[in-house]
Amino acid sequence: MRLSRYFLPILRDTPKEAEIISHRLMLRAGMIRQQAAGSYTLLPLGLRTLNKVNAIIREEQNRSGAVELLMPTIQSAELWRESGRYDAYGKEMLRIKDRHEREMLFGPTNEEMITEIFRSYVKSYRELPLNLYHIQWKFRDEVRPRFGVMRGREFLMKDAYSFDLDQAGAVHAYNKMFVAYLRTFERLGLKSIPMRADTGPIGGNLSHEFIILAATGESEVFCHKDFLEFPVPPADVNFDDVAGIQGIVNKWTSLYAATSEMHEEAAYQAIPEASRVSARGIEVGHIFYFGTKYSDPMGATVAGPDGKDASVHMGSYGIGPTRLLAAIIEASHDEAGIIWPEAIAPFTVSLLNLKVGDAAVDGVCAELYAGLTAAGIDTLYDDRDERPGAKFIVNDLIGSPWQLIVGPKSLGEGKVELKRRATGERELMSPAAALDRLAGASRP
RNA sequence: CGGGGCGUAGCGCAGCCCGGUUAGCGCACUAGUCUGGGAGACUAGGGGUCGGAGGUUCAAAUCCUCUCGCCCCGACCA
């Protein structure tokens, strides 16, 4: 992408409403624009990043055996009356009426709808297990939206719903999501820690929040230090290996980890002092097993091996991609701006032309841009007629992992400069060597 | 929902307390000149119903009333 033809509205000053670092950087880097309290447009740079986050989430959901579909955002109140949640959910649910005065709502979550879909089609245990997910907009009329997309009212959620014949099957479904989440957050460059959680209005009795540690996190968390070193399951983990998956979950739940709501001081004090971690955390995922809470009232049953109908055991599993954008920035930035992990960077390489109009510099930039593009590397070519300083500032701010700098100074010796955003390390090399390095580095 | 704060040009702000020229400043924007490795300088420009409504007054960004929006703390929160 040529920056001169892109839409990247950079802000020099921080808008005064933004307090936390990720909100500031997202506004300054031209990723989001606020439209109302808790409601944001994703500008091109924000959308690019979100799409990369979603792609990783999808890969890991699919790998674990979940199947993607897409449900509507507007739901009928009827469904929610079936589960009993229409009255229970409260003011957080945005209720609306259509032109026929039918009661509708903008979905805050989809347990009812997915249960309705399931019961319409699935009649036999032989079609189980089943896990259906989608990535879709939610609306929750929060009392106090804040911190940009960290706690918005309209936000994107990946929500998955599992269906099993019995509790044992459902626990395995739960464990598969548990492992998929560990992998997902790892690939997003985050250290996540599963913590036992309260189940809230979703209901049920088995639940974990996936928390990442960040100074500006909304909740206080306590855990054993060793969690930070636990190895994340590899890509070829066998999701059908019930005992193996359970073993991973057991390991990741073997040490103390809790948010302040679930905190037990005595258990925490039992950890050797050097291994205690008390910090702030951001909830980036939440998984639930809730048995037949919805399948019972809504009549989602299947015939078992004995020929008798039984309510299916369900679980639901959420990740907030829009919140993740903010969480990743909270975890990865410096004074100059965002430092994107390579896997989700909107652009892997920023190509900086330090002297637009100089034939030699323009020529080398054009070759590099063509070469990077041909290699399938997402490249932002800063071809604006700006001074070098302005380009460094902007490209540091938007956080491409690599900056490929082409200026008359080094080009006089036939060299270009490759700079690593995270460390600031610079290396002089020939254009061809830089191309090899980048094409090689970004190969999977 | 309780408490606190803020709405003046795209962004950041001054002016308001104590009413009185044509509402200012920085950045950004437009045209041009000189520039060219960490937000360059100069010259000349454009852009405002001062969040909205009502009121007081000879006169309102400024005082009063109501209202809308936004932010922060708390409570709340798959």
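Just so we're clear, the structure is a prediction, and the values are computed from it rather than from any experiment. Order of the sequence lines fixes the chain letters, A, B, ..., with proteins taken first and strands second; residue numbering starts at 1 for each chain.
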Strand partner of G54(B), provided both Watson-Crick or wobble distances fall under 3.5 Å: C64(B)

Donor-acceptor side-chain pairing of Asp159(A) and His134(A) below 3.5 angstrom: yes

Nearest-nucleotide pick for Arg387(A), side chain only, options being C1(B), G37(B), U35(B): U35(B)

Whole-Å gap separating C1' (G37(B)) and CD (Glu413(A)): 13 Å

Gap between atoms CD and P, on Glu209(A) and C77(B) respectively (whole Å): 12 Å

Test item: Glu142(A) side-chain N/O and Arg144(A) main-chain N/O as donor-acceptor pair under 3.5 Å: no

From Phe210(A), Tyr174(A), Trp252(A), residue fulfilling ring-ring contact (aromatic ring centres under 6.0 Å, His included) relative to Tyr181(A): Phe210(A)

Per Pro408(A) side chain, nearest of listed nucleotides A75(B), G37(B), A39(B): G37(B)

Candidate list His333(A), Glu330(A), Arg323(A), test side chain to side chain donor-acceptor pair (under 3.5 Å), partner Ser22(A), passing option: Glu330(A)

From A39(B), C76(B), C71(B), nucleotide with atom closest to Glu17(A) side chain: C71(B)

Complementary nucleotide for U33(B) - Watson-Crick or wobble, under 3.5 Å: A41(B)

Glu261(A) CD to C76(B) P, straight-line distance once rounded to whole Å: 9 Å

Closest to the Phe147(A) side chain, choosing from C73(B), C71(B), C11(B): C73(B)

Nearest-angstrom distance from the residue atom CG of Leu25(A) to P of C11(B): 19 Å

C17(B) - base-pair partner by Watson-Crick or wobble geometry, distances under 3.5 Å: none

Closest to side chain of Ala390(A), choosing from G74(B), C71(B), A39(B): A39(B)

Options G36(B), G37(B), C71(B), nucleotide nearest the side-chain atoms of Lys355(A): G36(B)

Sugar-phosphate only, base, or nothing, as touched by Lys16(A) at under 4.0 Å among non-hydrogen atoms: sugar-phosphate

Gln35(A) CD - G69(B) C1' separation (whole Å): 14 Å

Assigned partner base of G2(B), Watson-Crick or wobble definition, under 3.5 Å: C73(B)

Touch class at under 4.0 angstrom, heavy-atom based, for Glu386(A) against every strand present: base

Touch class at under 4.0 angstrom, heavy-atom based, for Ala18(A) against every strand present: nothing

Rounded distance in Å - CD (Glu19(A)) to C1' (C70(B)): 12 Å

Distance test, side-chain N/O of Arg12(A) to OP1/OP2 of A39(B), below 4.0 Å: no

Closest to the Arg151(A) side chain, choosing from C72(B), C13(B), C77(B): C77(B)

Complement of U49(B), any strand, by Watson-Crick or G-U distances under 3.5 angstrom: none

Donor/acceptor link under 3.5 angstrom from Ser410(A) side chain onto base of G37(B): yes

Phosphate OP1/OP2 of G69(B): any Gln34(A) side-chain N/O under 4.0 Å: no

Sugar-phosphate, base or nothing in reach of Lys419(A), heavy atoms under 4.0 Å: base

Donor on one side chain, acceptor on other, His263(A) and Glu261(A), under 3.5 Å: no

Sugar-phosphate, base or nothing in reach of Arg33(A), heavy atoms under 4.0 Å: nothing

Selected nucleotide, minimal atom distance to Val143(A) side chain, candidates G37(B), C1(B), C77(B): C1(B)

Identified pairing partner of G26(B), criterion: Watson-Crick or G-U wobble below 3.5 Å: C11(B)

Closest to the Asp13(A) side chain, choosing from A39(B), C71(B), G12(B): G12(B)

Test item: Arg421(A) side-chain N/O and Trp340(A) main-chain N/O as donor-acceptor pair under 3.5 Å: no

Side-chain (Arg95(A)) to main-chain (Tyr86(A)) donor-acceptor, under 3.5 angstrom: yes

Side-chain donor/acceptor of Asp385(A) to base of G36(B), under 3.5 Å: yes

Nearest-angstrom distance from the residue atom OH of Tyr40(A) to C1' of C70(B): 10 Å

A75(B) phosphate, OP1 or OP2, under 4.0 Å from Arg144(A) side-chain N/O: no

